[in-house]
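Since the model is a prediction, treat every value here as computed from it, not as a measurement. Quick note: numbers below take in every heavy atom, side chains included, and nothing from hydrogens, waters or symmetry partners.
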Amino acid sequence: MAYGLYEVLPGKIYQVRGFDLANMTIIKGDTGWILYDVLTCKETSQAALELVNEHLGRRPVVAVIYSHSHVDHFGGIRGVVDPADVESGRVQLLAPVGFMKHAVAENVYSGNAMNRRAFFQYGLLLPRSPFGHVDQSIGKNAASGRVGLIEPNRTIEKDLEEIVIDGVRMVFQNTPGTEAPAEMNTYFPDWKAFWAAENICGTIHNIYTLRGALVRDALEWSKKISEALYLFGQEAEVMFASHSWPRWGNARIQEVMRVQRDVYAHLHNEVLHQANQGVTINEIHNVYKLPEDLQQQWAARSYHGSEEHNSRAVINRYLGYWDANPATLIPLSPGDSAPLYVEMMGGAEKILLKGKELHQEGRYREAMEIVNKLVYAEPDNQSAKDLLADVFEQIGYQKESPSVRNSFLAAAFELRNGFPSGVAAQPVNPDLVIALSTELFLDFLAIRVDSSKAKGLRFTMNLQTPDNGEQFIVELNNSTLTNIKGFQLESPDLTLVINRCDLELVMAGSTTLFALIAAGTARLEGDGQLLQQFRDVLIQFSPSFDIMPGTNQDRSTAAPIEEPDSSAKADPFSQAEPASTAGG
């Protein structure tokens with residue numbers, strides 16, 4: 001809440017905090033500003049830089065560092081630099097190895113589901129009030145605005161790499177596989193200042209983020225913090241990061257580093273200690289507890305991630321989702337099993353009566369267990385949905401983690417009000433879409449194939465993008481689309497030749513593939529009817545599906561594709577914006 005411009009190290013390091021979910025850090029070089037992490041969108045980063053120039057004197061931006069591959073750390077790039085200056089090298093733009101791949105790839109394949117789940121983790125529909133959304137723990141909330149992405153012109157490849165930028169000496173520490181798949185810390189040896197990226201926060205973070213993502217490696221995360229502790233932490237006098245606030249004094253810095261290191265190490269070790277004694281993924285969240293020494297530390301509290309869902313994530317990483325009981329290996333779907341439970345419990349009235357009794361006694365999780373069954377069995381039973389909403393709210397109010405709190409409160413909101421009609425999808429963002437590799441684009445097209453419609457349709461296609469020299473074989477067979485890079489068939493059913501720069505226009509929805517073929521910008525050889533038939537088996541995903549049963553009157557999860565001469569937005573070969581990784 002205390003937003004504004006802060007001094008971290010007099011005359012050298014500053015931060016703008018509270019303008020967005022993350023902090024923007026400003027380093028004073030010999031001739032200009034070096035910016036670390038440029039927030040989520042153009043509007044907030046531009047405002048942050050204006051505040052800096054207003055109070056500290058106007059200076060040019062000479063370099064930008066992306067600390068890692070989550071959008072709240074790179075999305076505001078167009079608010080602080082001109083892409084032409086990056087392309088020319090006038091502005092250095094640095095990122096850790098693997099940045100471009102992970103900045104988009106993490107959020108494409110399951111992006112539609114991830115966007116829908118974000119309504120729960122981030123409480124997007126909740127009112128801002130003590131009874132709704134109050135915080136996102138590592139910041140008040142992610143900003144909404146124009147998200148951008150400019151490709152770095154310099155990559156930090158080595159585990160440790162020293163660089164001087166505008167007179168400032170920096171030692172970069174690559175930390176892949178920690179809070180993000182591509183991430184790096186930085187040490188400023190001349191100033192004894194340590195930048196901890198998002199690897200060290202004022203809270204326990206997420207091993208599994210509730211919007212959906214690959215499970216992270218708690219042990220590797222701990223080891224990278226330990227590595228930083230012994231590389232830099234023995235002499236650092238200030239530690240600052242992309243979220244939360246700085247720490248000053250070497251003793252305090254080492255204390256916080258050890259607390260964060262030990263949180264992730266204990267989570268990893270103790271969960272596997274319990275798992276090796278038979279505790280399962282369906283039990284561990286009720287068993288695992290941080291030791292008392294860590295519970296007393298602010299930086300180990302569950303203000304962002306939670307002990308409950310992180311403990312389940314550790315087991316999932318090593319042993320998967322199955323608890324080894326055959327009854328849970330191929331279970332009935334909740335909507336199929338719930339009617340049996342309701343029947344055996346004596347019907348809706350008895351469940352509602354008992355649920356209200358449990359709710360009044362404060363036994364909320366027991367009430368949730370039985371009322372949730374009733375809601376699945378009778379999705380139109382509003383009394384049941386209202387009672388479950390009451391229960392969810394009481395559980396949510398007791399949680400430290402905003403992500404967990406928001407998830408319970410958002411579910412309660414939808415149970416009472418339904419999922420609002422007319423909730424607009426995010427507009428397609430050209431920067432993020434263009435950043436997709438051709439292979440990733442083809443992979444996602446394969447996910448959008450409706451297998452039932454593709455039955456019996458077969459073709460082989462050579463895809464060529466001459467301006468960047470890429471070649472692919474694309475094959476539809478057995479209702480499955482596959483691609484392989486670097487190969488071409490001697491006698492394909494069709495060949496599509498299109499420059500990558502033109503394909504990007506199709507991906508961004510600026511034009512259609514068929515329009516480019518008609519104009520001669522793209523060339524199609526062979527049986528063009530096969531491409532027409534292929535477009536007809538693609539669907540567009542809609543982020544309006546039910547999470548809680550009976551909360552959306554339109555139960556469809558896919559939108560039909562319009563004809564080739566319709567608007568570009570409806571073109572089946574256009575690409576939706578990748579899901580947001582802000583805060584996760």
Tell me, with the steps shown, if Leu126 and Asn406 meet side chain to side chain contact (heavy atoms under 4.5 Å, CB included).
CA-CA 8 Å; Leu126 294 177; Asn406 290 342; 4.1 Å; yes
| query | Passes salt bridge (charged side-chain N to carboxylate O under 4.0 Å, His left out), Lys140 versus Asp20? Steps please. | reply | CA-CA 7 Å; Lys140 295 310 295 181; Asp20 205 325; over 6 Å; no
For Ser67 and Trp195: C-alpha separation, side-chain torsions, deciding distance, then whether side chain to side chain contact (heavy atoms under 4.5 Å, CB included) applies. CA-CA 9 Å; Ser67 73; Trp195 161 263; 3.7 Å; yes
message = Run Trp221 and His268 through ring pair (Phe, Tyr, Trp, His ring centres under 6.0 Å) and show every step you take.
response = CA-CA 10 Å; Trp221 197 336; His268 175 274; over 10 Å; no
| field | Gln234/Leu229 under side chain to side chain contact (heavy atoms under 4.5 Å, CB included): CA gap, chis, key distance, verdict | value | CA-CA 6 Å; Gln234 303 302 298; Leu229 171 65; 3.9 Å; yes
| task | Evaluate the criterion side chain to side chain contact (heavy atoms under 4.5 Å, CB included) for residue pair Glu308 and Lys399; output intermediate values, then yes/no. | result | CA-CA 11 Å; Glu308 293 105 327; Lys399 296 301 177 184; 3.0 Å; yes
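For Arg211 and Asn115, the side-chain atoms include no donor-acceptor pair closer than 3.5 Å. Side-chain polar atoms of Arg365 and Asn286 form a donor-acceptor pair below 3.5 angstrom. Side-chain contact of Gln121 with Ser407: a donor-acceptor pair under 3.5 Å is absent, judged by distance alone. Side chains of Gln296 and Glu292: a donor-acceptor N/O pair is absent below 3.5 angstrom, by distance only. Asn250 and Gln254 share a donor-acceptor pair across their side chains, judged by distance under 3.5 Å alone. In this model, no donor atom of one side chain and acceptor atom of the other lie less than 3.5 Å apart for Ser242 and Asn23.
Under the side chain to side chain contact (heavy atoms under 4.5 Å, CB included) rule, Ile27 has a single partner from Leu35, Val8, Ile34, which is Ile34.
Heavy atoms only, all atoms of each residue included: Ala300 and Val263 are closest at CB-CG2, 3.4 Å. Taking every heavy atom of both residues into account, Arg116 and Phe545 meet most closely at NE-O, 2.8 Å. Closest heavy-atom contact between Ala275 and Leu319: CB-CD1, 4.1 Å. When all heavy atoms of Leu432 and Val147 are compared, the closest pair comes out as CD1-CG1, 4.0 Å. Between Met170 and Phe172, the shortest heavy-atom contact is SD-CZ, 3.7 Å. Minimum heavy-atom separation, Ser45 to Met24: O-CE, 3.9 Å.
With salt bridges taken as basic N to acidic carboxylate O contacts below 4.0 Å, one links Glu255 and Arg252. A salt bridge links Glu50 to Arg58: at least one charged side-chain nitrogen sits closer than 4.0 Å to a carboxylate oxygen. A salt bridge is absent between Glu307 and Lys289: the closest approach of a Lys/Arg side-chain nitrogen to an acidic carboxylate oxygen does not fall below 4.0 angstrom.
The closest side-chain heavy-atom distance from Ile65 to Asp37 is not below 4.5 Å. Side-chain atoms of His70 and Glu179, non-hydrogen and from C-beta on, do get closer than 4.5 Å to each other. The shortest side-chain heavy-atom distance between His309 and Val404 falls under the 4.5 Å cut-off. Inter-residue side-chain proximity for Val16 and Leu39 is flagged as unmet; no heavy-atom pair is nearer than 4.5 Å. Within the 4.5 Å cutoff, side-chain heavy atoms of His304 are placed close to those of Asn206. Under the 4.5 Å side-chain criterion, counting only non-hydrogen atoms from C-beta, Asn282 is in contact with Arg312. Within the 4.5 Å cutoff, the side chain of Ile165 has heavy atoms near those of the Gln92 side chain. Taking the side chain as every heavy atom from C-beta outward, Asn174 and Lys158 never approach each other to under 4.5 Å.
Counting only distance, with no hydrogens or angles, the side chain of Ser244 and the backbone of Gly202 share a donor-acceptor pair below 3.5 Å. Judged by distance alone, the side chain of Glu393 and the main-chain N or O of Phe408 form no donor-acceptor pair under 3.5 Å. No donor-acceptor distance shorter than 3.5 angstrom exists from the side chain of Gln46 to the backbone of Gly76, with no hydrogens or angles considered. Between the side chain of Glu270 and the backbone N or O of Leu290, no donor-acceptor pair lies under 3.5 Å. Side chain of Asp166 to backbone of Asp30: a donor-acceptor contact under 3.5 angstrom is found.
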Do any side-chain atoms of residues 181-190 form donor-acceptor pairs under 3.5 angstrom with protein atoms, and if so which ones, sequence neighbours left out?
unit_1: Glu183; atom_1: OE1; unit_2: Ala180; atom_2: N; d: 3.0
unit_1: Glu183; atom_1: OE2; unit_2: Glu198; atom_2: N; d: 2.9
unit_1: Asn185; atom_1: OD1; unit_2: Asn199; atom_2: ND2; d: 3.1
unit_1: Asn185; atom_1: ND2; unit_2: Gln173; atom_2: OE1; d: 2.9
unit_1: Thr186; atom_1: OG1; unit_2: Tyr36; atom_2: OH; d: 2.9
unit_1: Tyr187; atom_1: OH; unit_2: Glu235; atom_2: OE2; d: 2.8
unit_1: Asp190; atom_1: OD1; unit_2: Arg169; atom_2: NE; d: 3.4
unit_1: Asp190; atom_1: OD1; unit_2: Arg169; atom_2: NH2; d: 2.7
unit_1: Asp190; atom_1: OD2; unit_2: Arg169; atom_2: NE; d: 3.4

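Under the ring-ring contact (aromatic ring centres under 6.0 Å, His included) criterion, the residue pairs touching residues 273-294 are His266-Tyr288, with sequence neighbours excluded. Judged as a ring-ring contact (aromatic ring centres under 6.0 Å, His included), the pairs with a partner in residues 87-114 (not counting sequence neighbours) are, in order, Tyr66-Phe99, Phe74-Phe99.
Checked against side-chain hydrogen bond (donor to acceptor under 3.5 Å, both in side chains), Glu400 has the following partners two or more places apart in sequence or in another chain: Arg301. In this view, Thr328 and Trp322, Asp323 satisfy the side-chain hydrogen bond (donor to acceptor under 3.5 Å, both in side chains) rule, not counting sequence neighbours. Judged as a salt bridge (charged side-chain N to carboxylate O under 4.0 Å, His left out), and not counting sequence neighbours, Glu283 has no contacts. Qualifying salt bridge (charged side-chain N to carboxylate O under 4.0 Å, His left out) partners for Glu227, counting only residues two or more places apart in sequence or in other chains: Lys224. A search for side-chain hydrogen bond (donor to acceptor under 3.5 Å, both in side chains) contacts involving Glu151 returns nothing, not counting sequence neighbours. The ring pair (Phe, Tyr, Trp, His ring centres under 6.0 Å) test applied to Phe19 returns no partner, not counting sequence neighbours. Under the ring pair (Phe, Tyr, Trp, His ring centres under 6.0 Å) criterion, Tyr3 pairs with no residue at all, not counting sequence neighbours. In terms of the ring pair (Phe, Tyr, Trp, His ring centres under 6.0 Å) criterion, Tyr14 has no residue partners (sequence neighbours excluded). Under the side-chain hydrogen bond (donor to acceptor under 3.5 Å, both in side chains) criterion, Lys485 pairs with Glu470, not counting sequence neighbours.
By the neighbour-count criterion of 12 heavy atoms within 6.0 Å, atom CD of Glu157 is densely surrounded, having more than that number from other residues, nucleotides or ligands.
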